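It should be emphasised that the depicted structure is a prediction, and the values quoted were computed from it without experimental measurement. Here is how names work: the chains are called A, B, and so on, in the same order as the sequence lines, proteins then strands, and each is numbered from 1.
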Amino acid sequence: MERLLSRRDYVAVAKGRRLGRPAFLIQALERSAEGPSRFGFTVTRKIGNAVVRNRVRRRLREAVRLIGRSAARPGTDYVLVGRAAALDRSFDRILADLAGALAELGGRATTSPPATARQG
RNA sequence: CCAGCUGGCCGGACGGCCGCUGCGGCAAUGGUCGAAAGGCCGCCGUGGAGGAAAGUCCGGGCUCCAUGGAAACACGGUGCCGGGUAACGCCCGGCGGGGGCGACCCCAGGGAAAGUGCCACAGAAAGCAAACCGCCGGAGCCUUCGGGCAAAGGUAAGGGUGAAAGGGUGGGGUAAGAGCCCACCGCAGGACCGGCAACGGGACUGGCAUGGUAAACCCCACCGGGAGCAAAACCGAAUAGGGACGGCGCGGGCUUCGGCCCAGGUGCGUUUCCGCGCCAGCCGUCCGGGUGGGUUGCAUGAGGCGUCCGGCAACGGCCGCCCCAGAGGAAUGGUCGUCACGCGGCGCAAGCCGCCAUACAGAACCCGGCUUACAGGCCAACUGGCAUU
């Protein structure tokens with residue numbers, strides 16, 4: 001998984017499309033038609049102390065690792081902003097949330113894409 | 001057994017599957033880039049959060065900056081004594097004071113006869129003490145001759161105020177009182193004795209002075225240069241810009257090719273004028289500064305574990321063994337299963353069911369401390385009860 005590393009990238013993606021899900025908020029910005037898709041993670045202090053923030057980021061990162069490569073659109077940068085629910089929501093549901101969100105943002109075909117995914 | 005007190009320790013376990021990251025290896029299997037060295041992937045092995053990693057409150061190592069040495073002044077810190085330590089505001093052992101039946105706990109614990117300030121309210125008086133009531137006293141005045149009023153003066157025993165009223169109790173004494181005198185207690189000084197010291201004991205002496213506050217200024221003793229790993233050192237691209245050198249070139253017009261005319265920027269001499277010089281574009285090579293980035297700093301250290309020795313202890317010493325996280329938008333994980341512990345419910349019990357499947361909390365240059373947070377549990381010594389032999 002390619003990571004977003006610089007502040008400039010995060011600021012840029014913040015201007016892209018965004019979708020809310022219980023465990024996270026996802027932002028997407030098409031960088032170019034080609035190249036790998038990249039992911040960044042943001043967990044603010046509002047969520048909790050360092051232990052809680054680490055756990056939220058790790059669960060989201062694991063979700064991206066499992067389905068990000070197949071579901072994400074090439075050449076696109078994504079930023080996942082963690083929410084408090086990412087701590088307790090079952091991992092299966094987080095995976096489903098992420099797959100649905102990526103599809104709605106115009107990703108590749110996934111194992112269970114929503115019907116409206118390709119319309120936009 | 002119950003209650004307590006002190007110290008130490010742990011703070012989920014095991015196993016699948018899929019990942020991240022450090023180190024070592026690739027002799028064996030593979031892919032890719034490269035001339036090679038080697039890199040990236042892959043494979044194998046192995047390591048990968050805490051007792052507080054936290055707060056960033058002290059003390060150091062290390063780095064850079066400043067600084068001729070020393071001292072003084074200022075500022076800040078520390079503050080019983082002895083020891084431990086690289087050092088400390090930390091730790092250990094004592095001393096003094098306070099609390100507890102006790103084990104034990106708590107203390108910002110130098111100096112108030114160097115000086116200054118403050119002591120609100122209440123109260124007559126709050127520091128070279130003080131007469132409000134009271135007590136004594138009785139000049140003098142009045143008198144119904146019973147007595148009444150009462151100045152000067154004396155008095156800190158009693159009342160009242162206050163956190164605190166200038167020793168306490170008893171006796172003598174006195175007009176009433178008062179260390180005025182006496183006894184005991186307290187207090188002050190103190191030869192001498194014990195202790196390295198803080199300090200303890202104390203013959204004897206003194207009629208009793210020197211109120212509290214230093215977390216008020218202050219005085220005394222000791223300590224202290226500043227900033228911090230985003231410190232700092234090194235390597236160093238593209239692009240733009242700077243400098244040096246070399247090569248080719250060197251504004252426009254006219255020309256009889258000898259020159260003539262008109263211009264720009266810039267340097268010097270003082271501005272205009274004027275004089276002298278340089279430059280303009282392209283290409284190449286080199287130099288220096290700096291940004292992104294990379295490497296080092298960065299993990300062998302006041303290091304850990306163990307036996308023994310010294311010491312009441314903190315700790316120190318000999319020897320042996322071990323290498324024990326190293327990220328960088330920041331790895332140390334995700335998920336599933338089984339189980340221990342715990343909590344709740346049901347049950348006489350064996351047990352069954354349910355819940356959480358654990359509190360506080362995540363290394364960021366590294367050590368020594370302190371402080372704060374913390375579900376649950378284990379061990380040991382000691383103390384006070386109860387029971388038993």
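Comparing A:Leu66 and A:Arg89, the nucleotide of RNA chain B nearest to each residue sits closer to the 5' end for A:Leu66.
In B:G293 the base sits anti relative to the sugar, since the glycosidic angle is further than 90° from 0. Using a 90° window around 0 for the glycosidic torsion, B:C352 falls outside it and is classed as anti. B:G51: glycosidic angle within 90° of 0, hence syn. Base orientation at B:A340 is anti, since its O4'-C1' glycosidic dihedral falls outside 90° of 0. In B:G294 the O4'-C1'-N dihedral to the base is more than 90° from 0, which defines an anti nucleotide.
Using a cutoff of 4.0 Å between basic side-chain nitrogens and carboxylate oxygens, A:Arg59 and A:Glu62 are not scored as salt-bridged.
The side-chain hydrogen bond (donor to acceptor under 3.5 Å, both in side chains) contacts involving residues 80-91 of chain A comprise A:Arg89-A:Asp97, where partners must be two or more places apart or lie in separate chains. Residue pairs meeting the side-chain hydrogen bond (donor to acceptor under 3.5 Å, both in side chains) criterion with at least one member in residues 41-53 of chain A, sequence neighbours excluded, do not occur.
Looking at every heavy atom in both residues, A:Ala86 comes nearest to A:Ala23 through CB-O, 3.5 Å.
Regarding A:Arg93, its CZ atom lies at a distance of 17 Å from the C1' atom of B:U335, rounded to whole Å. If you measure from atom CG of A:Leu60 to atom P of B:G334, you get 12 Å, rounded to the nearest angstrom.
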Produce the list of close N/O pairs, under 3.5 Å, pairing protein atoms with atoms of nucleotides 327-333 of chain B; give distances to one decimal.
residue: B:G329; atom: O3'; partner: A:Arg3; partner atom: NH2; Å: 3.3
residue: B:G329; atom: O2'; partner: A:Leu4; partner atom: O; Å: 2.8
residue: B:G329; atom: N7; partner: A:Leu5; partner atom: O; Å: 2.8
residue: B:G329; atom: O6; partner: A:Arg7; partner atom: N; Å: 2.8
residue: B:A330; atom: OP1; partner: A:Arg3; partner atom: NE; Å: 3.4
residue: B:A330; atom: OP1; partner: A:Arg3; partner atom: NH1; Å: 2.6
residue: B:A330; atom: OP1; partner: A:Arg3; partner atom: NH2; Å: 2.3
residue: B:A330; atom: OP2; partner: A:Arg3; partner atom: NH1; Å: 3.3
residue: B:A330; atom: OP2; partner: A:Arg3; partner atom: NH2; Å: 2.4
residue: B:A331; atom: OP1; partner: A:Arg57; partner atom: NH1; Å: 2.8
residue: B:U332; atom: OP1; partner: A:Arg61; partner atom: NH2; Å: 2.9
residue: B:U332; atom: OP2; partner: A:Arg58; partner atom: NE; Å: 2.8
residue: B:U332; atom: OP2; partner: A:Arg58; partner atom: NH2; Å: 3.1

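Pair check for B:A363 finds none; no Watson-Crick or G-U wobble contact set falls under 3.5 Å. Across all strands shown, B:A124 remains unpaired; no Watson-Crick or G-U wobble contact has both distances below 3.5 Å. B:G242 is paired with B:C287 under the Watson-Crick or G-U wobble criterion, all donor-acceptor distances under 3.5 Å.
With sequence neighbours left out, the side chain to side chain donor-acceptor pair (under 3.5 Å) criterion links A:Arg21 to A:Glu104. Applying the side chain to side chain contact (heavy atoms under 4.5 Å, CB included) rule to A:Ala63 yields the partners A:Phe91, A:Ile94, A:Leu95, A:Leu98; only residues at least two apart in sequence or on another chain are considered.
Using a 4.0 Å cutoff on non-hydrogen atoms, the parts of residues 44-51 of chain A near RNA chain B are A:Asn49, A:Ala50, A:Val51, ordered by number.
Distance check, rounded to the nearest 0.5 Å: OH of A:Tyr10 to CD of A:Gln27 gives 10.5 Å.
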